[in-house]
Amino acid sequence: MEAPIIELKGLTKCYRSLRAVDDLDLTINKGEIFGLLGPNGAGKSTTILMLLGLTEPTSGVATVCGFNATKNPIPVKQKVGYMPDNIGFYNNMTALENLVYVGRLNGIAEAEVKERAREMLEEVGLSGAMNKRTATFSRGMKQRLGLADVLIKQPEVIILDEPTLGIDPSGVKDFLALIKQLSRQQGLTVLLSSHHLHQVQQVCDRVGIFVGGKLLAEGNIDTLAGNLFAREPFVVEVTVQNPVPPTLETDLLAIETVKKVLVNDHLLQISGSTGCTPDLVRFLVQKGMHITGVQQRSYGLDEIYERYFETNLNENSSSEKSSGLFQRSFFRKRK
Ligand code: ADP
Ligand code: MG
């Protein structure tokens with residue numbers, strides 16, 4: 001297997017007595033879109049700064065594209081495009097002028113810098129606005145320009161700190177779709193941080209749930225859901241058209257993978273082993289049931305999130321225990 005693009009081992013950052021990042025181990029592979037997910041103050045930005053060699057770890061090592069980010073920050077910066085959460089532009093310059101300026105700073109030859117900047121603006125969907133001053137840009141347009149800024153030096157990895165902050169929902173959707181498309185087309189590795197679970201769920205191959213400087217869990221959504229909900233029965237809801245015969249419940253319970261059956265008029269709720277749906281459907285058809293709907297209950301990031309927080313809070317805090325306080329602050333929009 002190829003060497004990981006990003007590898008963090010025991011990465012720790014202390015600010016006086018605060019462990020902002022606490023013994024973080026993480027591996028991100030080429031072409032992956034990884035979401036660093038956590039509330040404000042979790043340590044996401046601090047982790048990113050260590051990855052870029054912009055702040056020194058208290059202990060542990062961050063390796064990016066094979067380079068130690070602390071000891072060798074220059075090659076890391078050459079390979080990584082970084083979009084900070086407070087990206088700014090020269091307001092009196094146009095989008096194209098801003099981008100050409102950044103291109104020059106990145107050492108792109110004069111002969112090609114304008115052409116490259118135009119291409120980038122096209123890629124991020126800003127070609128129609130390239131001659132407008134960035135002072136007139138919406139937050140969403142600025143984020144797109146920020147992405148062009150990051151991409152112009154043709155990086156292997158892009159790191160986006162809270163890239164969707166302040167964009168309206170439809171803008172967020174388009175922006176994340178763009179990131180996904182670029183990543184897939186160019187084999188780009190993407191690390192993005194967010195405290196918006198829905199958005200991350202939409203775009204990331206894998207997420208890490210990060211709270212209080214610690215990575216509580218990491219994996220793809222299905223794996224996380226599997227680990228968390230392993231002890232819970234898998235629920236299939238089947239809607240049937242014809243009346244349910246009184247013996248059906250007993251018949252269903254005779255199937256090895258079925259644990260519980262609830263009949264509510266035309267709706268059957270069947271709890272059993274993961275993946276039992278095809279067997280159930282076959283069985284019901286054989287029993288002469290006219291099935292009009294089958295739905296598996298699946299768990300998304302919302303449930304995963306809540307579950308981790310519940311567990312985490314119950315273990316670590318008595319004052320905020322299941323008060324919802326923590327979660328509310330989690331979902332609160334940053335000013
Ligand atoms: P996130 O990006 O997840 O919101 P940060 O990495 O910005 O979190 O911050 C993690 C913790 O470290 C917070 O408690 C924050 O107040 C603290 N912190 C961040 N930067 C500094 C700094 N330069 N000096 C002291 N404390 C800091
Ligand atoms: Mg941050």
Side-chain angles (χ1 to χ4, degrees), residues 6 8-26 28 33-62 64 69-70 73 76-77 80-88 139-140 142-143 146-147 149-150 157-167 172 175-176 179 190-201 203-204 206-218 224 301 304-306 308-309 312-313 316-317 319-320 325-335:
I6 295 176
L8 311 181
K9 281 192 180 154
L11 199 67
T12 302
K13 178 75 184 183
C14 300
Y15 293 113
R16 296 174 185 268
S17 61
L18 174 77
R19 292 176 86 83
V21 177
D22 192 0
D23 198 17
L24 177 60
D25 290 318
L26 184 65
I28 300 172
I33 304 180
F34 187 91
L36 200 54
L37 195 61
N40 293 330
K44 303 181 297 294
S45 296
T46 305
T47 303
I48 289 173
L49 294 179
M50 288 193 279
L51 272 171
L52 294 160
L54 292 173
T55 191
E56 210 169 310
T58 308
S59 58
V61 181
V64 180
T70 313
V76 169
K77 283 180 192 119
V80 180
Y82 164 52
M83 186 162 102
D85 58 355
N86 57 352
I87 187 155
R139 177 81 194 179
K142 284 186 178 162
Q143 294 301 84
L147 195 57
D149 244 28
V150 159
V157 183
I158 59 174
I159 296 182
L160 313 171
D161 198 358
E162 303 270 4
T164 57
L165 214 64
I167 317 184
V172 165
F175 185 75
L176 291 173
I179 290 174
V190 182
L191 170 66
L192 62 89
S193 80
S194 179
H195 59 284
H196 288 292
L197 52 158
H198 291 294
Q199 302 170 354
V200 168
Q201 184 168 24
V203 75
C204 291
R206 215 151 49 94
V207 297
I209 297 181
F210 205 50
V211 181
K214 283 187 186 295
L215 195 65
L216 295 184
E218 169 262 301
L224 285 179
L301 261 187
I304 295 173
Y305 234 27
E306 278 169 28
Y308 271 108
F309 289 150
N312 193 45
L313 287 174
N316 296 328
S317 149
S319 58
E320 285 194 347
L325 216 167
F326 189 84
Q327 281 191 28
R328 252 179 281 128
S329 68
F330 200 93
F331 294 108
R332 199 167 50 207
K333 263 192 146 176
R334 252 172 57 155
K335 299 264 158 45

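Indexing begins at 1, ligand by ligand and atom by atom, following the structure's order.
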- [ ] Keeping the roles fixed (side chain from Thr12, backbone from Asp23), state whether a donor-acceptor pair exists under 3.5 Å.
- [x] yes

Open item on the list: So for ligand 1, is Ser45 a polar contact partner (N or O within less than 3.5 Å, distance only)?
Closed with: yes

- [ ] Check whether any side-chain heavy atom of Tyr82 sits under 4.5 Å from a side-chain heavy atom of Ile158, and report yes or no.
- [x] no

TODO: Show which atoms of ligand 1 fall inside a sub-4.0 Å distance from at least one heavy-atom site of Asn40.
DONE: 4 (O)

- [ ] Show which atoms of ligand 1 fall inside a sub-4.0 Å distance from at least one heavy-atom site of Pro39.
- [x] 3 (O)

TODO: Taking only Lys NZ, Arg NE, NH1 and NH2, and the carboxylate oxygens of Asp or Glu, determine whether Lys214 and Asp22 approach each other closer than 4.0 Å.
DONE: yes

TODO: Please determine if Leu18 has a nitrogen or oxygen closer than 3.5 Å to a nitrogen or oxygen of ligand 1.
DONE: no

Task: 4.0 Å heavy-atom contact, Gly41 with ligand 1 - done: yes

Open item on the list: If I take every N, O or S atom of Ser45, is at least one of them less than 2.8 Å from the Mg ion (ligand 2)?
Closed with: yes

Task: Pairs flagged by salt bridge (charged side-chain N to carboxylate O under 4.0 Å, His left out) wherever residues 33-58 is involved - sequence neighbours left out - done: Lys44-Glu162

TODO: Identify, with sequence neighbours excluded, every residue that meets side chain to side chain donor-acceptor pair (under 3.5 Å) alongside Thr46.
DONE: none

